[in-house]
Number of protein chains: 2
Amino acid sequence: MKEKEQKILDASLNLFVDKGFHGTSTAKIAENAGVATGTLFHYFKTKEELINCLYLSTKESMLNEINDNYDNKKDIKENLKNLWLKSVKFCTKNPQKFQFILIFQYSPYITSLTKKQIETQTECMIETYIKGIEKHEIKEISFEFAMDYFWGNITSTVNYFRKHPEELNEKTLDQVFELFWDGIST
Amino acid sequence: MKEKEQKILDASLNLFVDKGFHGTSTAKIAENAGVATGTLFHYFKTKEELINCLYLSTKESMLNEINDNYDNKKDIKENLKNLWLKSVKFCTKNPQKFQFILIFQYSPYITSLTKKQIETQTECMIETYIKGIEKHEIKEISFEFAMDYFWGNITSTVNYFRKHPEELNEKTLDQVFELFWDGIST
DNA sequence: TATTTATTAGATTGATTAGTCAATTTATTA
DNA sequence: TAATAAATTGACTAATCAATCTAATAAATA
């Protein structure tokens with residue numbers, strides 16, 4: 001009955017975002033999931049393993065959405081804009097998942113998962129980056145920095161829209177993307 | 001003997017960054033500070049108060065350094081570059097403080113301190129922003145978004161240099177600032 | 001000097017925690 | 001159907017936690 005595993009993950013996401021990792025007891029997670037504590041530890045050996053599993057599944061759901069509808073025949077700016085828009089939209093539509101990724105990323109006590117695994121990149125992004133460099137349309141920066149710049153921009157953009165939801169419309173999104181593009185383009 | 005208070009704050013900073021808020025017990029803080037637990041609770045009524053005090057003192061030390069040597073007679077780009085450089089340098093020179101500000105900012109269980117208080121801005125930044133808008137040198141965006149864009153850029157820049165310390169030199173800093181400037185300037 | 005006040009100590013407390021375990025139910029297979 | 005395996009339960013435990021309390025000491029004041 002894998003549905004219980006999913007219910008545990010769902011309950012965890014909401015509790016971790018509201019109360020933090022250590023502020024959320026395994027007993028509370030089990031209660032919210034409608035499950036006994038023993039069941040929780042049947043599916044996840046430790047609390048830490050649960051947190052890591054939740055991170056991986058959350059990241060996966062985000063990447064799946066971002067990779068969707070990618071068309072490598074379009075030009076570089078359009079491809080990048082689509083990746084950027086899909087990222088912003090995923091994060092604003094899934095505030096809990098977005099917040100969880102943030103707190104996980106900066107959380108000091110999740111050491112078991114290698115930091116490498118945390119880096120979020122997709123084939124589409126690598127392809128767009130390489131083409132952008134080849135055609136001299138984006139600045140000559142390393143892929144690693146381009147990624148940090150991209151996610152840093154997504155984070156601050158989404159954080160801004162979270163504080164000012166009335167600004168979230170196509171026109172503002174276009175403006176903010178132009179700001180990002182003006183930075184990274186040659 | 002206010003030195004004990006400072007020792008408690010110092011020990012807290014290191015432990016919180018290494019082990020997280022809940023991963024760090026008050027007993028451990030007292031031990032690392034060379035102080036009894038009773039002393040800790042003499043200076044800080046609760047653990048939460050200690051965390052908030054540490055955040056305020058950490059933020060203050062950062063803002064002091066950023067505001068230093070500000071010269072409003074220089075032109076906008078130069079002023080902004082100085083603010084940007086001083087921010088990046090403070091964060092790379094004080095990785096513990098930088099990391100603490102990050103984990104505090106995204107921490108869900110610190111609710112007592114209003115979110116407004118968290119926003120980091122200085123007189124210099126407001127002045128530079130206003131002049132930039134007036135002279136049409138920076139794009140017509142709100143101050144709030146400009147701030148989010150600024151700190152998002154600092155964060156991704158410092159995170160990048162943390163992973164690639166060999167890249168931390170004046171030339172790269174100039175390049176990365178140009179990327180930031182190209183985004184925000186008209 | 002005598003008295004009060006601030007500081008420091010650490011053992012103690014009651015609550016909470018992650019994780020266990022033996023017992024029971026449900027699903028699978030032979 | 002019978003036997004085995006997997007899933008589920010929740011009471012339980014040993015450890016750990018933030019915070020308290022009493023007592024002792026140092027500093028300030030009169």
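Computed from a predicted structure; not experimentally measured. Lettering follows sequence order; numbering is per chain, from 1.
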Under 4.0 angstrom between [X] side-chain N/O and [N] OP1 or OP2:
| X | N | answer |
| --- | --- | --- |
| A/T26 | C/dA18 | yes |
| B/K4 | C/dA6 | no |
| B/Y43 | C/dT8 | yes |

Nearest-Å distance for atom pair [atom1]/[atom2], residues [X] and [N]:
| X | N | atom1 | atom2 | result |
| --- | --- | --- | --- | --- |
| A/K7 | D/dT8 | NZ | P | 11 Å |
| B/L40 | D/dC17 | CG | P | 14 Å |
| A/H22 | D/dC17 | NE2 | P | 9 Å |
| A/K19 | C/dT17 | NZ | P | 12 Å |
| A/E31 | C/dA18 | CD | C1' | 16 Å |
| A/E3 | D/dA6 | CD | P | 19 Å |
| B/I29 | D/dA19 | CD1 | P | 10 Å |
| A/I8 | C/dG19 | CD1 | P | 14 Å |

Q: Would you mind reading off the bend of the helix from C/dT1-D/dA30 to C/dA30-D/dT1 from its two end axes, five pairs each, to 10 degrees?
A: 10°

Q: Indicate, with yes or no, if the rings of A/F98 and A/F90 have centres closer together than 6.0 Å.
A: no

Q. So, B/F16 versus B/F104, ring centres under 6.0 angstrom or not?
A. no

Q: Could you say whether A/G38 or A/T24 is positioned toward the 5' end of DNA chain C, judged by the nucleotide with the nearest heavy atom to each?
A: A/T24

(Q) If you define the side chain from C-beta out and look only at heavy atoms, does anything of B/E144 sit under 4.5 Å from A/Y160? (A) yes

Q: State, with a plain yes or no, whether a side-chain heavy atom of A/L50 is found less than 4.5 Å away from one of A/L9.
A: yes

[options]: which one has an atom nearest the side-chain heavy atoms of [X]?
| X | options | answer |
| --- | --- | --- |
| B/T39 | C/dA9, D/dA18, C/dA18 | C/dA9 |
| B/F41 | D/dG10, D/dA18, C/dT7 | D/dA18 |
| B/H42 | D/dA18, C/dA9, C/dT7 | C/dT7 |

Do other residues, nucleotides or ligands put more than 12 heavy atoms under 6.0 Å from [X] [atom1]?
| X | atom1 | answer |
| --- | --- | --- |
| B/E170 | CD | no |
| A/E166 | CD | yes |
| B/E49 | CD | yes |

Q) When only distance counts, do a donor and an acceptor, one from the side chain of A/T37 and one from the base of D/dA11, lie under 3.5 Å apart? A) yes

